[in-house]
Each structure stands twice: as C-alpha cells, then as structure tokens.
Amino acid sequence: MATSVKAPRSSFVLGLIGAVFLALFAGLIALGAWQVQRLGWKRDLIQRVESRVHAEPGDPPAPAQWPGVSAASDEYRHVRLRGRWLPGADTRVQAVTDLGPGFWLLSPLRTDAGYTVLVNRGYVPDARAAQSAPPPPGEAVVTGLLRLSEPGGGFLRDNQPWQDRWFSRDVAAIAAARKLDGAVAPYFVDAERAAPLPGDLRTAPQWPVGGLTVIKFPDHHLQYALTWFALALMVLWAGWRVWREEARRRAAAA
C-alpha cells in the first residue's frame with residue numbers, strides 16, 4: 001500500500017511559519033547575547049568589589065562628594081572613620097546572618113570632619129544584647145565597608161519608624177527618627193570584626209559582632225546564555241524539519 005503524502009502548504013502558510021521560526025530564533029539569540037553581556041558586567045563587578053574590599057582603608061566620601069556617591073563607584077569601599085559616638089541614638093534593624101536571626105546595631109558617629117555617619121557596629125542576637133552594648137566613650141576609629149542606604153524596608157515589610165521597627169538600613173529615615181543634627185552621610189559603614197569569634201558559638205562573643213557583610217553575587221549568566229542558545233538551535237532544527245517535510249511533499253506532488 002502506497003504511503004499517503006500530504007499536499008504542499010500554500011506560500012502564505014509557509015511564509016507565516018517561516019516568520020514565526022525566524023522571530024523565535026532571533027529572540028532567543030538576542031536573549032543569549034544579552035546574558036553574555038550580563039556575564040561580562042557581573043564579572044567586572046565582582047573584580048571591582050574584590051579590589052575595593054581588600055584595598056587599604058581610605059577616607060569616606062566627604063559632603064561635597066555625596067551627590068555622586070553610587071553603587072558603581074563607591075559601594076564596598078574600604079574606609080576608615082575617626083570621631084565620637086553619639087550616645088542614646090542606637091537603632092536595631094532586623095537581620096538574618098550566619099549567626100542566626102537577630103538585629104544589626106546601628107550607631108551614629110560624629111566624625112572629626114563635622115558630619116555624621118551611621119555605623120553598623122554588627123550583629124546582636126536579641127534586643128537585650130543590643131541594649132547592653134552601648135558604643136564606647138571617647139575617640140573612636142572605625143574601619144569597615146561603605147554601604148548604600150536601603151530605603152523603604154525589607155522584603156514585603158515596610159519600616160515603621162513610629163514603632164521603632166526597622167527592616168532595612170534606611171539612612172535618611174533613621175537619621176530623621178533619631179533627630180540627628182547636621183549633615184548625615186547618605187551611606188552607612190559596616191564595621192569590621194574587632195575580635196575573632198569563639199570556636200563554640202554557644203559561648204557568647206562580645207556583642208555586637210561585626211564583619212558579617214555578605215559579599216556574594218549570584219553568577220548564573222553563562223548557564224542562562226547556554227540555555228537560550230540551545231533553545232535557538234532547537235528552533236533552527238525544527239525549522240529544518242519543516243523545510244525537509246515540505247520539500248518531500250512538493251517532490252511527491254510533482
């Protein structure tokens with residue numbers, strides 16, 4: 001029995017099918033190329049941050065430089081502050097760290113240059129530990145990493161200054177809630193760890209514990225790029241199958 005062969009498709013249908021395959025192929029190639037560009041950007045970012053973190057600490061941006069402070073040029077800079085702590089103005093911000101859930105303890109430091117910087121002195125496990133860890137009096141020298149303000153709040157949780165509940169380190173809102181006078185930097189500083197943690201974390205270290213800044217940037221762009229390019233090849237293969245089937249139909253019809 002002869003095998004039945006379907007009739008050839010019309011030129012309109014072939015053109016429509018070809019346009020769909022071409023659009024899919026071009027779109028997937030564009031997505032793959034975009035992920036390749038993102039890969040280069042992410043690796044450049046990682047290299048920039050690594051160089052800043054391990055550099056010698058320098059002066060933080062002064063008030064005249066504040067309008068130009070940005071993540072691209074300043075975040076994770078290794079800086080050193082000198083000044084005096086402002087007593088009675090600490091702020092607890094909810095946090096989840098390698099040591100468990102708890103709070104970041106932010107304290108304002110009035111620098112020798114005359115402006116104020118909020119310093120994340122580190123992690124405390126609960127409110128009681130935060131209240132028992134006031135900043136030391138006298139001249140202070142703080143070394144740490146410059147971080148940009150986190151306005152608004154945390155994931156699905158807005159800051160509630162009227163209840164003194166904070167889910168993000170929103171510099172402007174905290175400065176307003178604490179009624180800090182004078183110029184307040186639009187960034188904060190994650191203080192470095194003053195002493196190593198004990199091997200047994202059940203033994204409470206000296207709170208707060210600094211140096212818990214997470215410097216990790218997910219880098220899956222190569223995987224995404226290969227996925228998009230693979231899908232583009234699958235579309236190309238499917239288009240070739242349609243073309244071969246159409247050629248067989250036309251040969252049979254002739």
Side-chain angles (χ1 to χ4, degrees), residues 49 52-53 60-61 66 69-71 74-81 83-111 115-136 140-195 197 201 204-217:
V49 169
R52 292 174 188 169
V53 168
W66 290 352
V69 170
S70 68
D74 298 287
E75 191 156 33
Y76 299 104
R77 280 175 55 181
H78 199 190
V79 298
R80 177 178 286 118
L81 305 170
R84 292 179 178 272
W85 300 106
L86 299 180
D90 292 347
T91 301
R92 299 188 306 271
V93 181
Q94 288 196 2
V96 177
T97 73
D98 291 341
L99 301 182
F103 299 89
W104 297 123
L105 186 59
L106 271 66
S107 302
L109 181 79
R110 181 64 55 83
T111 67
Y115 59 89
T116 301
V117 177
L118 284 181
V119 176
N120 176 16
R121 294 168 53 214
Y123 164 84
V124 291
D126 53 39
R128 183 174 57 185
Q131 291 168 357
S132 63
V141 178
V142 177
T143 303
L145 301 179
L146 185 150
R147 305 292 308 282
L148 297 186
S149 179
E150 302 166 346
F155 179 67
L156 298 179
R157 295 181 297 182
D158 294 333
N159 290 325
Q160 301 170 13
W162 58 93
Q163 295 183 349
D164 202 26
R165 298 185 64 188
W166 302 92
F167 303 100
S168 73
R169 292 162 290 189
D170 186 337
V171 170
I174 292 174
R178 296 293 177 263
K179 296 181 172 57
L180 300 180
D181 296 329
V184 179
Y187 52 82
F188 62 95
V189 172
D190 278 346
E192 293 179 346
R193 186 172 302 165
L197 289 173
L201 292 180
Q206 180 64 43
W207 307 118
V209 174
L212 295 177
T213 307
V214 176
I215 306 174
K216 186 182 297 183
F217 302 97

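What you see is a predicted model, and the numbers here were worked out from it, not measured in a lab. Position 1 is the first residue of the sequence, and the numbers go up from there.
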Taking C-beta and beyond as the side chain, do Leu145 and Glu75 meet within less than 4.5 Å on heavy atoms?
->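 In short, these two side chains do not touch, never coming nearer than 4.5 Å.
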Is there side-chain contact between Leu99 and Pro125, with at least one heavy-atom pair below 4.5 Å?
-> no
Is the backbone N or O of Gly211 less than 3.5 Å from a side-chain atom of Tyr123, with the two atoms forming a donor-acceptor pair by type?
-> no
Okay, side chain of Thr116, backbone of Pro108: is any donor-acceptor separation there less than 3.5 Å?
->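 No, Thr116 side chain to Pro108 backbone: no donor-acceptor pair under 3.5 Å.
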Using the six-membered ring of Phe188, assess whether NZ or CZ of Arg169 lies under 6.0 Å from its centre and within 45 degrees of the ring axis.
-> no
Would Asp158 and Phe167 satisfy side chain to side chain contact (heavy atoms under 4.5 Å, CB included), going step by step from the backbone distance to the final call?
-> CA-CA 7 Å; Asp158 294 333; Phe167 303 100; over 6 Å; no
Over all atoms of both residues, closest heavy-atom pair of [X] and [Y]:
| X | Y | result |
| --- | --- | --- |
| Pro61 | Leu146 | CD-CD1, 3.4 Å |
| Leu81 | Pro60 | CD2-CG, 3.3 Å |
| Asp90 | Pro135 | OD2-CD, 3.6 Å |

Which is it for Leu105 and Arg92 under the side chain to side chain contact (heavy atoms under 4.5 Å, CB included) test, yes or no, and what are the steps along the way?
-> CA-CA 5 Å; Leu105 186 59; Arg92 299 188 306 271; 4.2 Å; yes
Decide yes or no on side chain to side chain contact (heavy atoms under 4.5 Å, CB included) for Arg121 and Trp85, but give the supporting numbers first.
-> CA-CA 11 Å; Arg121 294 168 53 214; Trp85 300 106; 3.8 Å; yes
Once rounded to the nearest 0.5 Å, what's the spacing between atom [atom1] of [X] and atom [atom2] of [Y]?
| X | Y | atom1 | atom2 | result |
| --- | --- | --- | --- | --- |
| Ile174 | Leu180 | CD1 | CG | 9.5 Å |
| Asp74 | Tyr187 | CG | OH | 8.5 Å |
| Phe103 | Asp126 | CZ | CG | 7.5 Å |
| Arg84 | Arg110 | CZ | CZ | 12.5 Å |
| Thr143 | His78 | OG1 | NE2 | 5.5 Å |
| Asn159 | Glu150 | CG | CD | 9.5 Å |

Trace of the side chain to side chain contact (heavy atoms under 4.5 Å, CB included) decision for Asp170 with Ser149 | CA-CA 5 Å; Asp170 186 337; Ser149 179; 3.8 Å; yes
Are the charged groups of Asp164 and Arg178 less than 4.0 angstrom apart, N to O?
-> yes
Going through the distances and angles, do Tyr115 and Trp66 end up as a ring pair (Phe, Tyr, Trp, His ring centres under 6.0 Å)?
-> CA-CA 12 Å; Tyr115 59 89; Trp66 290 352; 5.4 Å; yes
Passing candidate, side-chain hydrogen bond (donor to acceptor under 3.5 Å, both in side chains) with Thr213, options Thr97, Asn120, Asp190 | Asp190
